[in-house]
Amino acid sequence: MHSKKIIMRKRAEYKSFQSSRFRKVLLSWYKAQKRDLPWRKTKDPYKILISEIMLQQTQVETVIPYYKAWMKKFNTIKKLATASLDEALMLWEGMGYYSRARNLHLTAQEIEKNYNGKIPDSFENLIHLPGIGKYTAGAIASIAFNKPVPAIDANVRRVLTRLLCLSPSSSKDKTFWELALNLMVTASPSEFNQAMMEIGALVCIAKNPRCPNCPVRSHCNAYLKGMQNRYPAIRKPKKVEEIEVVLGIIFNDTMVYIQKRPPQGLFAGLWEFPGGKVEPGERPEKALHRELKEELGEKVRIISNGKAIRHKYTRFKVLLYPFICSAQKRFSPGSRKGEFRWILQKELKNYPFPTANRKIIQSLRFP
DNA sequence: AAGTCGGGGTT
DNA sequence: AACCCAGACTT
């Protein structure tokens with residue numbers, strides 16, 4: 001087996017790497033230095049599950065307030081399973097990757113139905129639930145149930161890559177999995193997996209790792225070669241395109257029009273104001289009329305334009321032009337598939353919006 | 001294997 | 001401005 005060969009070769013190549021000593025030092029460091037995080041005060045599998053979904057591609061400091069607010073409202077899986085998706089999305093607003101909330105809601109309902117409300121304790125059962133992949137299944141099984149399964153996240157990959165000077169060609173999922181499993185052996189899986197992530201988050205960080213403060217630096221081949229900054233290899237740069245977008249906040253008397261986005265794709269399940277991209281060379285006002293005609297089949301009158309908002313995403317930047325508009329009647333856009341509503345201005349706070357829309361809601365002076 | 005899916009923090 | 005983050009899912 002290829003990855004086994006790597007493990008063997010690495011062990012033979014680097015006599016300094018003694019896994020039992022490494023494990024002991026790592027775990028004692030973790031015990032002394034670990035952060036006091038809300039989800040570390042409990043062994044409730046439901047709370048571990050929520051934290052792990054929130055922590056997908058999201059930093060600890062960002063998650064903490066969302067986690068606390070979530071547990072105030074949904075402190076049991078039954079409460080989540082019987083709530084509406086909109087209620088869950090409200091608590092998720094601003095955290096991004098909104099499909100996580102949808103999948104989490106589905107997972108709660110599935111656990112209620114098929115597992116009598118008990119979170120499954122095995123990797124094999126967990127990984128079949130929506131929104132739970134290899135990392136999260138391993139994290140829940142190990143952290144909540146102390147099952148000997150690795151939890152390979154970006155931290156663990158980086159730590160292992162530096163420890164063993166893994167080349168990009170040997171940086172495969174299977175390699176990391178077997179290396180971690182081998183290193184774990186006698187340790188508590190819960191403690192070991194969290195320790196590996198913690199040292200990646202606090203010491204073996206992506207840029208300028210804090211090697212002088214690292215308790216396992218004498219085991220680290222990248223450090224011993226002075227090459228810690230060359231691991232992991234640099235990724236391909238992604239280009240960021242810039243687009244201009246218009247949107248209409250359409251009033252009829254005191255009521256404002258909002259619509260729901262599809263259950264999949266960008267901002268899945270969130271509410272929004274209608275609008276769309278400005279074409280090259282097009283005036284924003286013209287773009288708004290064109291988009292509303294295409295999307296709603298309606299003509300509106302522009303009352304005023306709000307302050308333009310700049311917003312950055314991972315793959316693109318947007319310049320958002322909001323327009324306050326008025327409609328002759330409370331139209332029902334027959335051409336649209338999704339849900340829509342006419343609501344009072346003060347009700348806007350009860351619907352989950354993308355962050356850029358929320359910024360506009362807060363910055364506008366309504367008529 | 002490569003794209004899609006957010007937003008905030010760091011450097 | 002570029003990079004990063006307790007990844008999952010689709011194509």
Side-chain angles (χ1 to χ4, degrees), chain A residues 30 34-35 37-40 47-67 89 92-104 106-107 126-144 150-159 168-169 171-173 176 180 190 192-202 204-210 229 232-242 261-270 272 309-318 352-359:
Chain A
Y30 176 67
K34 67 178 180 183
R35 291 168 289 180
L37 305 176
W39 45 89
R40 286 188 177 153
K47 294 182 177 176
I48 306 294
L49 164 65
I50 299 301
S51 73
E52 290 302 340
I53 302 295
M54 288 185 169
L55 286 162
Q56 290 170 1
Q57 289 290 286
T58 310
Q59 299 194 356
V60 165
E61 293 305 315
T62 304
V63 166
I64 290 174
Y66 285 94
Y67 174 87
L89 282 169
W92 212 272
E93 186 190 283
M95 195 157 48
Y97 289 142
Y98 299 97
S99 289
R100 291 185 293 176
R102 178 183 181 79
N103 285 330
L104 179 55
L106 289 170
T107 278
L126 286 163
I127 202 167
H128 288 112
L129 295 165
I132 297 184
K134 208 166 177 182
Y135 162 75
T136 307
I140 297 169
S142 62
I143 296 173
I152 312 296
D153 74 332
N155 289 309
V156 177
R157 274 194 295 277
R158 188 173 57 249
V159 170
S169 62
S171 299
K172 308 289 183 214
D173 280 359
F176 290 124
S190 174
F192 178 82
N193 284 347
Q194 292 187 79
M196 288 289 280
M197 291 191 271
E198 192 78 341
I199 201 164
L202 298 182
C204 196
I205 54 181
K207 284 185 178 178
N208 303 318
R210 298 159 183 163
N229 279 314
I234 303 154
R235 300 180 192 177
K236 282 189 275 188
K238 297 164 193 166
K239 51 185 172 184
V240 177
E241 75 174 300
E242 191 161 18
R261 292 184 61 89
Q264 292 179 351
L266 191 62
F267 306 127
L270 270 62
E272 66 173 2
I309 298 268
R310 285 183 191 282
H311 196 73
K312 281 175 286 190
Y313 298 94
T314 304
R315 323 193 74 78
F316 56 94
K317 298 182 288 187
V318 294
F353 284 88
T355 294
N357 278 41
R358 183 62 72 193
K359 283 181 186 171

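The shown structure was predicted, so the numbers you read here are calculated from the model rather than taken from an experiment. Below, read A as the first sequence line, B as the second, and so on, with proteins coming before strands; counting in each chain starts at 1.
Put simply, CG on Leu55(A) is 10 Å from C1' on dC5(C), counting in whole angstrom units. When the P atom of dA6(C) is taken as reference, atom CZ of Phe176(A) falls 16 Å away, rounded to whole Å. Summarising the geometry, the separation between CD1 on Ile199(A) and P on dA6(C) is reported as 14 Å, rounded to the nearest angstrom. The distance from atom CH2 of Trp92(A) to atom P of dA8(C) is 13 Å, rounded to the nearest whole Å. Nucleotide dA6(C) holds its C1' atom 11 Å from the CG atom of Asn193(A), rounded to whole Å. Whole-Å rounding puts the Gln264(A) CD to dT10(C) P distance at 7 Å. At whole-Å resolution of the value, CE in Met196(A) and C1' in dC5(C) are 18 Å apart. Across the protein-nucleic acid pair, Met197(A) atom CE and dC4(C) atom P stand 20 Å apart, rounded to whole Å.
dG3(B) sits 16 Å from dC3(C) when the P atoms are compared, rounded to a whole Å. The same atom, C1', is picked in dT10(C) and in dG7(B); the two are 22 Å apart, to the nearest Å. Remark: the separation of the P atoms in dT4(B) and dA6(C) is 24 Å, to the nearest Å. Remark: the separation of the C1' atoms in dC9(C) and dG8(B) is 23 Å, to the nearest Å. Spacing between dG9(B) and dA8(C) at atom P, rounded to whole Å, works out to 24 Å. With C1' as the reference atom, dC5(C) and dC5(B) are 14 Å apart, rounded to whole Å.
With sequence neighbours left out, Tyr30(A) forms a ring-ring contact (aromatic ring centres under 6.0 Å, His included) with no residue at all. With sequence neighbours left out, the ring-ring contact (aromatic ring centres under 6.0 Å, His included) criterion links Phe192(A) to no other residue. For Arg40(A), the salt bridge (charged side-chain N to carboxylate O under 4.0 Å, His left out) test picks out Glu198(A), with sequence neighbours left out.
Closest-nucleotide positions on DNA chain C for Glu198(A) and Ile127(A) were compared, and the one nearer the 5' end corresponds to Glu198(A). Along DNA chain C, the nucleotide nearest Ala206(A) and the nucleotide nearest Leu129(A) are compared for position; the residue whose nucleotide lies closer to the 5' end is Ala206(A).
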Candidate pair Asn103(A) and Tyr97(A), rule side-chain contact (heavy atoms from CB on, under 4.5 Å), full reasoning = CA-CA 11 Å; Asn103(A) 285 330; Tyr97(A) 289 142; over 6 Å; no

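Across residues 131-141 of chain A, Gly131(A), Ile132(A), Gly133(A), Lys134(A), Tyr135(A), Thr136(A) each have a non-hydrogen atom less than 4.0 Å from an atom of DNA chain C (numbered order).
For the pair Arg158(A) (side chain) and Pro232(A) (backbone), a donor-acceptor distance under 3.5 Å is absent.
The aromatic rings of Phe267(A) and Tyr98(A) are tilted relative to each other, their planes meeting at an angle between 30° and 60°.
Salt-bridge formation is detected for the pair Glu242(A)/Arg310(A): a Lys NZ or Arg NE/NH1/NH2 atom is positioned less than 4.0 Å from an Asp or Glu carboxylate oxygen.
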May I have the list of side-chain donor-acceptor pairs in residues 129-142 of chain A shorter than 3.5 Å, sequence neighbours left out?
residue   : atom : partner   : partner atom : Å
Tyr135(A) : OH   : Glu52(A)  : OE1          : 2.7
Thr136(A) : OG1  : Gln56(A)  : NE2          : 2.9
Ser142(A) : OG   : Gly138(A) : O            : 2.7
Ser142(A) : OG   : Ala139(A) : O            : 3.2
Ser142(A) : OG   : Asn193(A) : ND2          : 2.9

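Residues Pro209(A) and Cys204(A) approach most closely at CB-CA, 4.4 Å, considering heavy atoms. Between Gly200(A) and Asn155(A) the shortest heavy-atom distance is C-OD1, 3.3 Å.
Between Arg315(A) and dT4(B), a side-chain N or O to OP1/OP2 separation shorter than 4.0 Å is present. Note on Arg158(A): a side-chain N or O is less than 4.0 Å away from OP1 or OP2 of dC5(C).
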Reading 5' to 3' through nucleotides 6-11 of chain B, protein heavy-atom contacts under 4.0 Å coded B for base, S for sugar-phosphate only, - for none | BBB---

